[in-house]
Amino acid sequence: MKYSFIQNGIEIIDKSEFNPKHILECGQVFRYQSERLGYKIWAKNSVCYLICEKEHDIISTNHREEFVHFFDLDRNYSEIKKNLLEFPFMKNAIEHGYGIRILNQDPFEMVLSFIISSNNNIPRIKGIIERLCERSGETSDCGLRFPSPDKLRNKSISFFQDLGAGYRARYLYDTVDAINNGFSLDIQEMSTINARKHLMRLTGVGRKVADCVLLFGYHKTDVFPTDTWIDKIYVELFGENNLSREQKADYLSDYYGDLSGYAQQYLFYKRRSGNKIKLDCISED
DNA sequence: CACCAGGTCTCTC
DNA sequence: GAGAGACATGGT
């Protein structure tokens, strides 16, 4: 990935591997806003402005190293896409979401965000998370910031209900409580299987939420988060619906191996944009 | 007024 | 273990 440090940020030179719209709208991140010149994006303890121009994009920030990691800039996505093209179903999806990158986000934020996401829709998820940030008293020179576990220590269930979290309020409360009482999120070094099993001990974290946390919070790309959209895709592609969600997730992650997370994002993004996934047809090329 | 949204929990069998 | 129902909330 070609990029270079400039005075107040990072210049993205290779636009084919970095598409702000695709990165932000493929469903992995909830805290960003459209701005006149691009986007404002919050990471754990800092903020950046993504300025979109014709020849290049600029990540305007005082925390350059942090956003190199956040945007996963040191990874070669050309190589990933080349390897994914060895699989069926991927050609159209990759062409559609060509500049997607899997962001490296904060695990705690991912846990709460994806608990909120369950049986919910994206605009509402974003609203709940925004209110969580507004009301949890975290301020910095960057403005809004996602609360730390400690900042949520004294919050009651009704605090989460008032965010609009609905029945997930109890899940959030229990999870925050567990983390504040020693439940470790330091699981980067664990195997995917064990890390998943660990996360699923949290209230409100099932297979799908756990896999999203593993992918977006720990960059474990051997998981294939399987939700309603992936379920639709599975049925459409294979013409049968004889497996449970969990079995589909197992099958797909076994099939795509370490490329699962990437494959999932391309397929999810394309399908959610209203396009059905097509089997790549060589004769059409 | 039903039905749905990046599912999970709980209670059965 | 696998399979129904319930579940808050806001939008079509």
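Quick note on labels: first sequence line is chain A, next is B, and so on, each numbered from 1.
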Could you state the atom-to-atom distance from [atom1] of [X] to [atom2] of [N] in whole Å?
X        : N     : atom1 : atom2 : result
A/Lys232 : B/dG7 : NZ    : C1'   : 14 Å
A/Glu246 : B/dG7 : CD    : C1'   : 12 Å
A/Ile233 : B/dG6 : CD1   : P     : 13 Å
A/Asp211 : B/dG7 : CG    : C1'   : 13 Å

Residues touching DNA chain B, which here means a heavy atom under 4.0 Å, drawn from residues 178-187 of chain A: none
Check: residues 2-11 of chain A side-chain donor-acceptor pairs under 3.5 Å, at least two apart:
| residue | atom | partner | partner atom | Å |
| --- | --- | --- | --- | --- |
| A/Tyr3 | OH | A/Asp74 | OD1 | 2.7 |
| A/Glu11 | OE2 | A/His56 | ND1 | 2.5 |

Determine the interatomic distance between [atom1] on [N] and the same-named atom on [M]; round to the nearest Å.
N      : M      : atom1 : result
B/dC11 : C/dA8  : P     : 14 Å
C/dG5  : B/dG6  : P     : 24 Å
B/dT8  : C/dG11 : P     : 24 Å
B/dC3  : C/dA6  : P     : 13 Å

State yes or no: are the ring centers of [X] and [Y] separated by less than 6.0 Å?
X        : Y        : value
A/Phe30  : A/Phe114 : yes
A/Phe160 : A/Tyr171 : no
A/His22  : A/Tyr98  : yes

Could you grab the distance from atom [atom1] of [X] to atom [atom2] of [Y], nearest 0.5 Å is fine?
X        : Y        : atom1 : atom2 : result
A/Leu172 : A/Tyr167 : CG    : OH    : 11.0 Å
A/Leu132 : A/Asp162 : CG    : CG    : 12.5 Å
A/Glu17  : A/Met1   : CD    : CE    : 7.0 Å

Sugar-phosphate only, base, or nothing, as touched by A/Gln247 at under 4.0 Å among non-hydrogen atoms: nothing
Sugar-phosphate only, base, or nothing, as touched by A/Arg207 at under 4.0 Å among non-hydrogen atoms: sugar-phosphate
Looking at [Y] and [X], is any side-chain nitrogen of the basic one under 4.0 Å from a carboxylate oxygen of the acidic one?
X        : Y        : answer
A/Glu95  : A/Lys91  : yes
A/Asp211 : A/Lys208 : no
A/Arg207 : A/Asp250 : yes

A/Phe87: which of A/Tyr262, A/Tyr255, A/Tyr266 passes ring pair (Phe, Tyr, Trp, His ring centres under 6.0 Å): A/Tyr255
Contacting residues from residues 113-135 of chain A, given that a heavy atom lies under 4.0 angstrom of DNA chain C: A/Asn119, A/Asn121, A/Arg124
A/Asp231: partners by side chain to side chain contact (heavy atoms under 4.5 Å, CB included), with sequence neighbours left out: A/Val235, A/Asn241, A/Arg245, A/Lys248
Listed nucleotide nearest any side-chain atom of A/Val209, set B/dG6, B/dT8, B/dA5: B/dT8
Ring-face cation contact, A/Phe70 with A/Lys44, 6.0 Å cut, 45° max: no
Chain A footprint on DNA chain C, 5' to 3' - any atom under 4.0 Å from a heavy atom: C/dC7 to C/dG10
ILVMFWY cluster, A/Leu215 and A/Met190 together (side-chain gap under 4.5 Å): yes
Using nucleotides 9-13 of chain B, report all nitrogen or oxygen pairs with the protein that are shorter than 3.5 Å.
| residue | atom | partner | partner atom | Å |
| --- | --- | --- | --- | --- |
| B/dC9 | OP1 | A/Gly204 | N | 2.7 |

